[in-house]
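Contents: one structure, followed by commentary.
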Amino acid sequence: MPNTPKDVQKIAADGGAQVVDFKFIDLPGVWQHFSIPVEDLEPDLFEDGLGFDGSSVRGFQQIQESDMLLMPDPDTAFMDPMREAPTLSIICNVEDPLTRQPYSRDPRHIAKKAESFLESSGIADTSYWGPEPEFYIFNDVRYSQSANSGFYSVDSAEGTWNSGREEEGGNLGYKLRHKEGYFPVPPADSMQDIRTKMMLAMKAFDVKIEVHHHEVGTAGQAEIDMRYNSLTAMADSVMYYKYVIRNVAKENGLSVTFMPKPLYGDNGSGMHVHQSLWKGKSNVFFEEGGYASLSETALHYIGGLLKHAPALLAFTNPTTNSYRRLVPGYEAPVNLAYSMRNRSAACRIPMYSQSEAAKRIEFRCPDPSCNPYLAFSAMLMAGLDGVVNKIDPGSAMDKNLYDLPPEELAAVKTTPGSLGDVLNALEDDHEFLLRGDVFTQDVVDTWIEYKRENELDAVNLRPVPYEFYLYYDL
């Protein structure tokens with residue numbers, strides 16, 4: 001049963017809260033917040049909202065239209081174990097104070113509209129999502145950029161490059177070699193205890209964890225998998241997940257990054273996303289006897305993902321760094337094909353279980369730099385477009401796509417190679433996102449403009465260190 005404002009007051013009282021923290025997400029995908037004393041947590045606050053300056057939030061309003069409202073969602077109220085003073089945390093939606101309508105650029109509102117559109121389509125009632133965000137845990141992170149200098153340096157006591165380091169007071173070895181982190185026991189896996197702390201801390205926010213383990217990369221690459229949930233609820237969980245993981249790391253003198261490619265020469269961090277559609281208690285993606293026990297609806301859904309992938313990646317892989325990971329010829333899901341069990345395809349159908357409940361598809365392209373509300377919504381809209389228009393995904397590719405002969409590989413479409421390419425693709429192909437007013441033209445245009453001006457141009461205008469190695473003596 002949904003929480004009421006009175007329920008939230010009781011949660012605060014039972015937890016001894018002294019502070020209430022209100023969180024909301026900006027367009028790029030970072031939580032923003034402000035706090036009030038707990039004695040000001042009155043029931044009418046959930047109707048009247050809290051004012052804030054929308055012109056100071058990335059991707060939101062201009063200065064002449066800055067007044068906006070935060071509307072707390074009582075179902076997201078949890079005591080926050082990360083804060084020194086007992087603090088109640090609440091996620092908020094955003095409203096326009098003049099119209100009192102949900103704000104079109106609020107990513108959480110877009111996610112809710114996507115869920116409503118699915119229900120109204122008659123195809124299914126609910127979509128379930130199971131993202132697998134990967135991340136690196138570092139001991140030291142330094143970076144700087146100025147007109148005449150630019151560098152980055154990350155370090156990990158677990159990194160293979162530290163096998164000869166003397167500053168450790170006696171180097172004990174146990175450094176994971178590149179691409180050998182999946183998944184030896186401690187002491188080689190030196191991150192077991194910190195991942196366990198992260199997992200246990202997430203219980204306070206009702207984020208259910210299925211498994212945690214070391215990932216392939218050296219230097220503390222990790223994965224902590226959440227149990228599946230519906231679209232908006234899972235996007236909320238991804239934000240709690242990032243918040244908890246970063247704060248637990250910091251409390252232990254460590255730093256976490258969700259950058260897709262922070263290290264050269266080792267695996268990048270992806271966020272494979274499992275997804276399925278359900279109508280009542282029936283899994284719409286399941287059909288006994290079909291390819292990998294998939295229904296025609298599921299195959300058409302895959303067809304939509306593959307067809308719209310170039311545009312879709314503008315939301316699922318939205319940074320210039322994303323395309324340091326999605327590089328052909330390496331172990332990255334760049335091939336726009338589908339297959340059961342095959343991790344070299346962009347769409348994989350897991351075969352661990354043959355039951356109806358477990359039948360789902362996994363889209364392997366996304367990475368954890370995305371805004372989960374926008375990424376999940378965009379994937380759903382692409383898949384539904386495939387179902388409505390009966391888009392044929394082609395034949396399954398049940399072979400290692402990395403080892404295909406050149407003539408066969410040439411026939412397999414691949415993901416675009418840069419942020420600029422996917423933004424251009426989104427500009428040309430976004431009608432599928434506008435159906436049901438889920439994404440608006442204003443949101444698509446704002447996203448493209450923001451990414452081009454603040455990220456793509458900013459990176460393209462700056463030399464990178466390796467260019468000095470290549471070109472300084474030309």
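Remember, it's a predicted structure, so these values are computed and weren't measured experimentally.
Side-chain contact between M199 and D225 is absent, with no heavy atoms from C-beta onward closer than 4.5 Å. Looking at V238 and Y373, their side chains never come closer than 4.5 Å, going by heavy atoms from C-beta outward. Between M191 and E158 there is a side-chain heavy-atom pair separated by less than 4.5 Å. At a threshold of 4.5 Å between non-hydrogen side-chain atoms, the residues V459 and E455 do not count as touching. E362 is not listed as a side-chain neighbour of C347, based on a closest heavy-atom distance of 4.5 Å or more. Residues M239 and V30 have side chains not in contact (no heavy-atom distance under 4.5 Å, counting atoms from C-beta outward). A 4.5 Å side-chain heavy-atom check between L88 and D21 finds every atom pair outside the cut-off. Using a 4.5 Å cut-off on side-chain heavy atoms (C-beta onward), E223 and E132 make contact.
For residues 461-474, no pair satisfies side chain to side chain donor-acceptor pair (under 3.5 Å), with sequence neighbours left out. Listed by first then second residue, pairs satisfying salt bridge (Lys or Arg N to Asp or Glu O under 4.0 Å) with a partner in residues 193-207 read D189-R195, D206-K208, not counting sequence neighbours. Pairs passing the ring-ring contact (aromatic ring centres under 6.0 Å, His included) check and including a residue from residues 195-231, sequence neighbours excluded, read Y128-Y228, Y182-H213, F183-H213, F205-Y240. Residue pairs meeting the salt bridge (Lys or Arg N to Asp or Glu O under 4.0 Å) criterion with at least one partner in residues 240-259, sequence neighbours excluded, do not occur; the list is empty.
Considering every non-hydrogen atom in both S104 and H109, the closest pair reads CA-CD2, 4.3 Å. For the residue pair A201 and P81, the shortest heavy atom distance occurs at O-CG, 4.0 Å. Between L231 and A114, the closest heavy-atom pair is CD1-CB, 4.5 Å. Residues V19 and S35 come closest through the heavy atom pair CG1-CB, 3.6 Å. In plain terms, the two heavy atoms of I90 and A77 that are nearest each other are CG1-CB, 4.0 Å. Of all the heavy atoms in P350 and K359, the pair that sits closest is O-NZ, 3.8 Å.
With hydrogens and angles ignored, the 3.5 Å screen pairs a side-chain donor or acceptor of S237 with a backbone N or O of A233. Judged by distance alone, the side chain of D106 and the main-chain N or O of V94 form a donor-acceptor pair under 3.5 Å. One N or O on the side chain of N139 and one on the backbone of A157 form a donor-acceptor pair closer than 3.5 Å. Proximity of a side-chain donor or acceptor of D26 to a complementary backbone N or O of G29 within less than 3.5 Å is detected. A donor-acceptor pair under 3.5 Å is formed between the side chain of T87 and the backbone N or O of A85. Within the 3.5 Å criterion, the main-chain N or O of Y450 finds a donor-acceptor partner in the side chain of N454. With hydrogens and angles ignored, the 3.5 Å screen pairs a side-chain donor or acceptor of N371 with a backbone N or O of L27. With hydrogens and angles ignored, the 3.5 Å screen pairs a side-chain donor or acceptor of Q221 with a backbone N or O of G268.
Annotation: F285 is in aromatic contact with Y301 [ring centroid separation under 6.0 Å]. For F439 and W447, the gap between ring centers reaches or exceeds 6.0 Å.
A donor atom on one side chain and an acceptor atom on the other are found under 3.5 Å apart for S127 and W129. No hydrogens or angles considered: nothing links the side chains of D421 and Y323 as a donor-acceptor pair under 3.5 Å. Looking only at atom types and distance, the side chain of E134 has no donor-acceptor partner in the side chain of H272 under 3.5 Å away. Under 3.5 Å, the side chains of D53 and S55 contain a donor-acceptor pair of N or O atoms. Side-chain N/O atoms of S149 and S146 include no donor and acceptor closer than 3.5 Å. Side-chain contact of T414 with N335: a donor-acceptor pair under 3.5 Å is absent, judged by distance alone. Residues D73 and N93 bring no donor and acceptor atom of their side chains to less than 3.5 Å of each other. Looking only at atom types and distance, the side chain of K175 has no donor-acceptor partner in the side chain of T218 under 3.5 Å away.
Atom CZ of F34 sits in a crowded spot, with more than 12 heavy atoms from other residues, nucleotides or ligands closer than 6.0 Å. Applying the 6.0 Å contact sphere to CZ of R165 captures more than 12 heavy atoms from other residues, nucleotides or ligands. In K23, the NZ atom is crowded: over 12 heavy atoms of neighbouring residues, nucleotides or ligands sit closer than 6.0 Å.
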Determine, step by step, whether E115 and T232 satisfy the side chain to side chain contact (heavy atoms under 4.5 Å, CB included) criterion, reporting the C-alpha distance in whole Å, the side-chain angles of both residues, the deciding distance to 0.1 Å, and the verdict. CA-CA 8 Å; E115 291 188 289; T232 303; 2.6 Å; yes

Quick one, V444 with L426, criterion side chain to side chain contact (heavy atoms under 4.5 Å, CB included). Give me CA distance, side-chain angles, the key distance, then yes/no. CA-CA 8 Å; V444 173; L426 178 62; 4.1 Å; yes

Apply side chain to side chain contact (heavy atoms under 4.5 Å, CB included) to I110 and V443, showing your working. CA-CA 10 Å; I110 292 170; V443 168; 3.9 Å; yes

Could you walk me through whether W31 and Y243 pass the side chain to side chain contact (heavy atoms under 4.5 Å, CB included) test, one step at a time? CA-CA 8 Å; W31 253 353; Y243 174 74; 3.6 Å; yes

Working note: Y103 + F60, criterion ring-ring contact (aromatic ring centres under 6.0 Å, His included); need CA distance, chi angles, decisive distance, verdict. CA-CA 9 Å; Y103 181 44; F60 277 20; 5.1 Å; yes

Start with the C-alpha gap between F138 and Y136, add the side-chain angles, then the distance that decides, and say whether ring-ring contact (aromatic ring centres under 6.0 Å, His included) holds. CA-CA 6 Å; F138 293 130; Y136 273 90; 5.6 Å; yes

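The distance from the CZ atom of R360 to the CH2 atom of W278 is 11.0 Å, given to the nearest 0.5 Å. Atom-to-atom distance recorded for L326:CG and S418:OG is 11.0 Å, nearest 0.5 angstrom.
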May I have the list of side-chain donor-acceptor pairs in residues 379-387 shorter than 3.5 Å, sequence neighbours left out?
{"from": "D385", "atom 1": "OD1", "to": "N389", "atom 2": "ND2", "distance (Å)": "2.9"}
{"from": "D385", "atom 1": "OD1", "to": "R435", "atom 2": "NH1", "distance (Å)": "2.6"}
{"from": "D385", "atom 1": "OD2", "to": "H308", "atom 2": "NE2", "distance (Å)": "2.6"}

Quiz: residues 253-263 side-chain donor-acceptor pairs under 3.5 angstrom, not counting sequence neighbours:
{"from": "T257", "atom 1": "OG1", "to": "M259", "atom 2": "N", "distance (Å)": "3.1"}
{"from": "K261", "atom 1": "NZ", "to": "D266", "atom 2": "O", "distance (Å)": "2.3"}

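When T316, T415, D367, N317 are each tested for a side chain to side chain donor-acceptor pair (under 3.5 Å) with S322, only one passes: D367. Test V273, L313, L312 against P366 for side chain to side chain contact (heavy atoms under 4.5 Å, CB included) and you get one pass: V273.
Between D236 and R108 there is a salt bridge, since a side-chain N of the basic residue sits under 4.0 Å from a carboxylate O of the acidic one. Taking the charged nitrogens against the carboxylate oxygens, R105 and D442 do have a contact shorter than 4.0 Å, which makes a salt bridge.
Between F135 and Y241, the ring planes are perpendicular. Angles over 60° get that label, and only those under 30° would be called parallel.
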